[in-house]
Engineer: 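Please find one structure pasted underneath; my questions will follow.
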There are 2 protein chains.
Amino acid sequence: MEDGRQQVVGLLFPSDFFGRPFEEQSPFSFEAATDVEICVFERQAFQSLLERFPEVEHELLVQVLTELDAAREWMVLLGCQSAREKVASFLLMLLRRSTLIGCEKAGKPDAPIVTFPVSRRDVALYLGTTPETVSRQVQWMSRNNIIKIIDGQTFEITNPQKLALTAAREEWLDQLSA
Amino acid sequence: MEDGRQQVVGLLFPSDFFGRPFEEQSPFSFEAATDVEICVFERQAFQSLLERFPEVEHELLVQVLTELDAAREWMVLLGCQSAREKVASFLLMLLRRSTLIGCEKAGKPDAPIVTFPVSRRDVALYLGTTPETVSRQVQWMSRNNIIKIIDGQTFEITNPQKLALTAAREEWLDQLSA
DNA sequence: CGAGTCTTTGAAATGGCTCAACTAAGGTGG
DNA sequence: CCACCTTAGTTGAGCCATTTCAAAGACTCG
């Protein structure tokens with residue numbers, strides 16, 4: 001926003017497309033969180049490519065529809081989840097994403113490990129909260145044996161089931177830990 | 001959500017398309033807020049229509065891209081705006097939308113009037129807040145001569161500029177009214 | 001080894017939610 | 001046509017989750 005506040009509206013993983021076809025420029029900015037390899041198309045050329053090959057445009061449409069669904073799911077999270085639920089949901093999303101891509105699965109399939117691809121600050125910006133709150137929630141999950149902190153960026157999900165429940169509602173877990 | 005909490009992820013206006021092509025069903029539900037006239041396509045038929053007429057699919061793509069931008073804008077609102085800013089932004093969005101469609105403009109172009117198309121509750125659900133809070137913010141804007149409440153559902157925007165500022169940051173207005 | 005950045009932790013302040021009461025507006029049936 | 005009931009909106013007060021502010025570790029990199 002103009003006043004400096006920020007909101008992350010998406011996370012891109014290898015093979016994802018980004019940009020804004022059919023507009024002069026994207027209303028959002030893009031930031032690399034890691035080293036990246038980008039395949040760039042010149043706008044005009046890309047658009048005429050889409051025109052010439054409807055199958056390609058079709059694929060793009062399908063992907064954009066998926067992204068729209070994801071964005072709306074995220075709106076649900078931003079709009080009605082507590083900080084704890086947000087962090088839990090985020091971990092679950094990372095888990096889903098990374099096993100999908102198959103980056104982590106190679107090691108050990110039964111002790112799922114996820115890594116924050118970006119700084120706490122960016123995670124917080126994505127979740128609509130603050131770095132401090134993210135930190136507190138992560139620590140809480142660690143204390144409650146839901147995750148194990150490997151190195152501050154990396155987490156072993158020791159109890160995926162509990163994590164899933166945390167993402168949905170926290171009340172009963174509060175009692176458990178009391 | 002499964003536990004009963006709700007989040008409205010979009011508002012549809014006349015001529016808008018909805019549904020989820022290329023999937024069995026939409027992950028979201030749709031609710032009519034007013035009497036509506038709907039044009040329904042049978043899924044299979046619609047999909048083959050898209051296949052046969054790439055120009056139509058192109059139009060759909062353009063619209064979906066626009067919706068994606070809108071959804072992300074809304075994520076910014078949900079993630080980092082205060083309740084007051086949210087309500088102000090919502091009024092502005094309604095204003096933009098309705099003048100675009102030209103429903104209200106007919107009357108008097110210089111005293112813009114907007115109408116909540118849905119109940120306070122639904123507005124709150126859209127903004128990620130509660131009906132009480134929406135009410136309080138609307139009343140506050142009325143007291144501060146930003147809007148004039150016509151009939152609880154309808155508002156005259158007496159000071160669009162102040163409204164725009166309220167949507168962005170409230171601090172300076174607080175001082176003004178103190 | 002020091003400078004800078006990121007994360008964690010604590011304590012205090014606060015915005016918005018919850019709960020509850022009150023008012024207004026329909027809608028219904030006697 | 002008027003009591004009655006129901007639903008929607010407003011208003012107030014107290015409370016609590018999260019933010020804010022501040023400061024102390026941990027890590028990284030010249």
Engineer: Tell me whether the side-chain N or O atoms of B/R84 pair up with the base of C/dG16 as donor and acceptor below 3.5 Å, since no angle test is needed here.
Structural biologist: no
Engineer: Is A/V56 reachable from B/F22 through a run of hydrophobic residues whose side-chain heavy atoms are each under 4.5 Å from the next?
Structural biologist: yes
Engineer: In whole angstrom, what separates B/I150's CD1 from C/dA24's P?
Structural biologist: 19 Å
Engineer: Closer to the 5' end of DNA chain D via nearest nucleotide, is it A/T133 or B/S135?
Structural biologist: B/S135
Engineer: Classify the side-chain pair A/T66/A/D69 by whether it contains a donor and acceptor separated by less than 3.5 Å.
Structural biologist: no
Engineer: With sequence neighbours left out, what residues match A/V118 under side chain to side chain contact (heavy atoms under 4.5 Å, CB included)?
Structural biologist: A/A33, A/D122, A/V123
Engineer: Tell me the interatomic distance from B/Q139, atom CD, to C/dA24, atom C1', rounded to whole angstroms.
Structural biologist: 13 Å
Engineer: Rounded to the nearest angstrom, tell me the gap between atom CG in B/L78 and atom P in C/dG16.
Structural biologist: 13 Å
Engineer: CD of A/E42: more than 12 outside heavy atoms within 6.0 angstrom?
Structural biologist: yes
Engineer: Looking at every heavy atom in both B/K162 and B/N144, which two are closest together, and how far apart are they?
Structural biologist: NZ-O, 3.1 Å
Engineer: Of all residues at least two apart in sequence or in a different chain, which pass the side chain to side chain contact (heavy atoms under 4.5 Å, CB included) check with A/T130?
Structural biologist: A/E132, A/T133
Engineer: Do the side chains of A/F41 and A/L50 join up, straight or via other hydrophobic residues, at under 4.5 Å, putting them in one cluster?
Structural biologist: yes
Engineer: Given atom CD of B/Q81 and atom P of D/dT19, what is their separation to the nearest angstrom?
Structural biologist: 15 Å
Engineer: Using a strict threshold of under 4.0 Å (side-chain N to carboxylate O), is an ion pair present between B/R72 and B/E67?
Structural biologist: no
Engineer: Whole angstroms only, please: what is the CH2-P distance between B/W140 and D/dT10?
Structural biologist: 17 Å
Engineer: Under 3.5 Å, is there a donor-acceptor pair linking the side chains of B/E85 and B/T166?
Structural biologist: no
Engineer: Rounding to 10 degrees, work out the angle separating the end axes of the helix from C/dC1-D/dG30 to C/dG30-D/dC1 (five pairs an end).
Structural biologist: 40°
Engineer: Quick check on contacts: within residues 120-132 of chain A, what sits under 4.0 Å from DNA chain D by heavy-atom distance?
Structural biologist: A/G128, A/T129, A/T130, A/E132
Engineer: Could you state the atom-to-atom distance from CG of A/D151 to C1' of C/dT8 in whole Å?
Structural biologist: 15 Å
Engineer: Expressed as a whole number of angstroms, how long is the span from A/E85:CD to D/dA17:P?
Structural biologist: 12 Å
Engineer: Kindly state each residue pair satisfying side chain to side chain donor-acceptor pair (under 3.5 Å) with at least one member in residues 49-63 of chain A, sequence neighbours excluded.
Structural biologist: A/E57-B/H58, A/H58-B/E57
Engineer: Given C/dT7, is OP1 or OP2 found less than 4.0 Å from the side-chain N or O atoms of A/Q153?
Structural biologist: yes
Engineer: Would you list the protein and nucleotides 28-30 of chain D atom pairs, both N or O, that sit under 3.5 Å from each other?
Structural biologist:
none

Engineer: Once you round it to whole Å, what is the distance between C1' of C/dT7 and CZ of A/F116?
Structural biologist: 12 Å
Engineer: For the side chain of B/R136 and the base of D/dG9, is some donor closer than 3.5 Å to an acceptor across the two?
Structural biologist: no
Engineer: With a 4.5 Å limit on heavy-atom distance, are the side chains of A/V64 and A/F17 in contact?
Structural biologist: no
Engineer: What is the ring orientation for A/Y126 with A/F90, classed by angle as parallel under 30°, tilted 30 to 60°, or perpendicular over 60°?
Structural biologist: perpendicular
